[in-house]
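Atoms within each ligand, like the ligands themselves, are counted from 1 in listed order. These numbers come from a predicted model, not from an experiment.
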Amino acid sequence: MARKGYGRRRVLVTGGAGFLGSHLIDRLIERGDEVLCVDNLFTGQKQNLDHLHGNPAFEFIRHDVTFPLYVEVDEIYNLACPASPVHYQHDPVQTTKTSVLGAINMLGLAKRLRCKIFQASTSEVYGDPTVHPQREEYWGNVNPVGVRSCYDEGKRCAETLFFDYRRQHDLPVKVARIFNTYGPRMHPSDGRVVSNFVMQALKGEPITIYGDGSQTRSFCYYSDLIDGFLRLMDTPDDFTGPVNLGNPSEFTIRELAEQVIALTGSKSKIHSLPLPQDDPKQRQPNIELARRELGWEPQVALNEGLRHTIAYFDKQMSEEGLAEAAI
Ligand code: NAD
Ligand code: UDP
């Protein structure tokens, strides 16, 4: 569906200058949509969108989603929110506002336009899970007053709002619970584990493992995840989720460090640092629902995704080195 008088579907992507948002925008434009990207550039990078400048199908507005937004679109993907613990803990009050007020503002917009709206939720709604792997029916084990709560509880409240708008206003909503995803266009000093380890290995610096490295995560390559987003958005209105999207292959953080060292051929040594408060001990998605309802399954193995990610950061570093040398 497109607005009256317009041939192409016009899609709003909040958080579109970030890692996932910029890849989503590329896929939407490739398939023929027009995209309006809204971002306050807190963790996003303009360079993630450089290749789109001058493209008539693309428009950028610098805007904070905690304030209302009045635009005309056919669909909304709500991704605005810092995703790295370092960044979401930097200004925790703003993080909760971004999730909660951002959801209220974007849901209000969707209600006025009667359009479909997608929420980038997270595996963090399960907290430090006591059920493993995590299914959508699990209600989670979240500390409401810890350092991660601004993100975890903010995202949980956003889910509540999405389902209340569904029940109260019959709004078509789609909620994806995203598990750790990595790839090109993560910010090099983003603070998340994959970008940290890859940058440290490429620079020959110590690889910082927090705790003993026995905690686990399941790493999904960005292209698989974006494919899941598009499939979820195309499901009939009666399928709302929440649906887990992630790669079920689970690794310890130490195994991740070893893979990064092997793939980069780095001489970096492992350096242990204290485990941050409330760091989840294990995380693995059960993706039966996504398999059944979306026909979706990740295709990219960790070593393959890491190779592409390493090549991206390596290229970034040499381009920056060349730019510095030219000054
Ligand atoms: P990111 O930090 O690269 O992107 C987030 C984007 O949102 C950035 O461009 C940032 O500038 C923007 N933003 C932040 N606050 C904003 C505000 N108030 N108004 C407007 N823009 C704002 O992170 P990402 O990995 O691309 O994550 C995108 C979304 O997916 C987030 O909502 C995140 O919670 C969710 N998610 C990501 C992962 C993952 O592993 N990448 C896992 C779970 C959930
Ligand atoms: N981690 C680590 N070293 C780093 C960054 C992260 O050992 O330099 C660990 C972190 O403690 C957590 C896991 O890696 O157990 C994933 O951290 P990340 O910040 O990527 O995301 P999370 O899944 O914790 O939100």
Side-chain angles (χ1 to χ4, degrees), residues 13-24 37-46 48-49 61-67 69 77-89 91 94-99 101-103 105-106 118-125 128 148 151-152 154-155 158 176-183 185-187 190-200 205-222 225-226 229 244-247 251-254 256-257 270-283 285:
V13 178
T14 75
F19 159 50
L20 294 176
S22 62
H23 287 297
L24 171 64
C37 169
V38 163
D39 201 299
N40 69 350
L41 298 177
F42 175 49
T43 51
Q45 308 177 80
K46 274 190 183 162
N48 287 344
L49 303 167
I61 302 179
R62 189 166 183 153
H63 173 82
D64 182 328
V65 295
T66 63
F67 296 97
L69 177 72
Y77 285 85
N78 186 35
L79 273 68
C81 186
S84 161
V86 176
H87 295 293
Y88 71 63
Q89 289 170 25
D91 185 350
Q94 172 68 8
T95 299
T96 302
K97 281 187 184 173
T98 295
S99 278
L101 296 178
N105 288 328
M106 293 310 119
F118 170 103
Q119 168 67 356
S121 190
T122 170
S123 52
E124 285 288 316
V125 300
D128 189 4
R148 295 175 85 101
Y151 184 75
D152 300 10
K155 289 284 189 178
R177 289 184 179 155
I178 305 165
F179 285 64
N180 297 66
T181 303
Y182 68 98
R185 298 193 193 158
M186 292 182 90
H187 196 288
D190 174 275
R192 282 178 276 184
V193 69
V194 173
S195 45
N196 269 12
F197 285 4
V198 170
M199 289 302 292
Q200 290 162 346
E205 292 172 356
I207 307 279
T208 54
I209 290 191
Y210 303 159
D212 63 5
S214 63
Q215 71 271 36
T216 67
R217 294 294 186 273
S218 305
F219 297 101
C220 186
Y221 194 57
Y222 81 89
L225 188 82
I226 302 300
F229 283 12
N244 289 339
L245 293 179
N247 190 322
F251 297 87
T252 66
I253 294 305
R254 187 166 288 273
L256 175 72
I270 286 174
H271 176 62
S272 295
L273 290 174
L275 190 67
Q277 190 195 333
D278 293 340
D279 200 282
K281 285 180 270 311
Q282 54 182 356
R283 188 182 284 157

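The side chain of Asn180, and not its backbone, has at least one atom closer than 4.0 Å to an atom of ligand 2 (non-hydrogen atoms only; side chain from C-beta on). If you look at Val193 next to ligand 2, the close heavy atoms, those under 4.0 Å, come from the backbone and the side chain alike. Only the side chain of Asn196 comes within 4.0 Å of ligand 2, judged by heavy-atom distances.
Between atom 5 (C) of ligand 2 and the options Tyr151, Tyr182, Tyr210, the minimum heavy-atom separation is to Tyr210. When the heavy atoms of Arg254, Arg192, Arg148 are ranked by distance to atom 22 (P) of ligand 2, first place goes to Arg148.
The one candidate from Tyr222, Tyr221, Tyr77 that meets the ring pair (Phe, Tyr, Trp, His ring centres under 6.0 Å) condition with His23 is Tyr222.
Listed as neighbours of ligand 1 are Gly15, Ala17, Gly18, Phe19, Leu20, Asp39, Asn40, Leu41, Phe42, Thr43, Gly44, His63, Asp64, Val65, Leu79, Ala80, Cys81, Pro82, Ala83, Gln94, Thr98, Ala120, Ser121, Thr122, Tyr151, Lys155, Ile178, Asn180, Thr181, Arg192, each bearing a heavy atom under 4.0 Å from the ligand.
Look at Ser84 and you'll find every heavy atom at least 4.0 Å from all atoms of ligand 2.
Ring geometry for Tyr182 against Phe219 counts as perpendicular: the plane angle is over 60°, on a 0 to 90° scale with 30° as the lower cut.
For the pair Gln89/Thr95, no side-chain contact is recorded, criterion being any heavy-atom separation below 4.5 Å from C-beta on.
In terms of protein heavy-atom proximity, atom 13 (C) of ligand 2 is nearest to Ile253 CD1, 3.6 Å.
A salt bridge links Arg148 with Glu124: the distance from a Lys NZ or Arg NE/NH1/NH2 to an Asp or Glu carboxylate oxygen falls below 4.0 Å.
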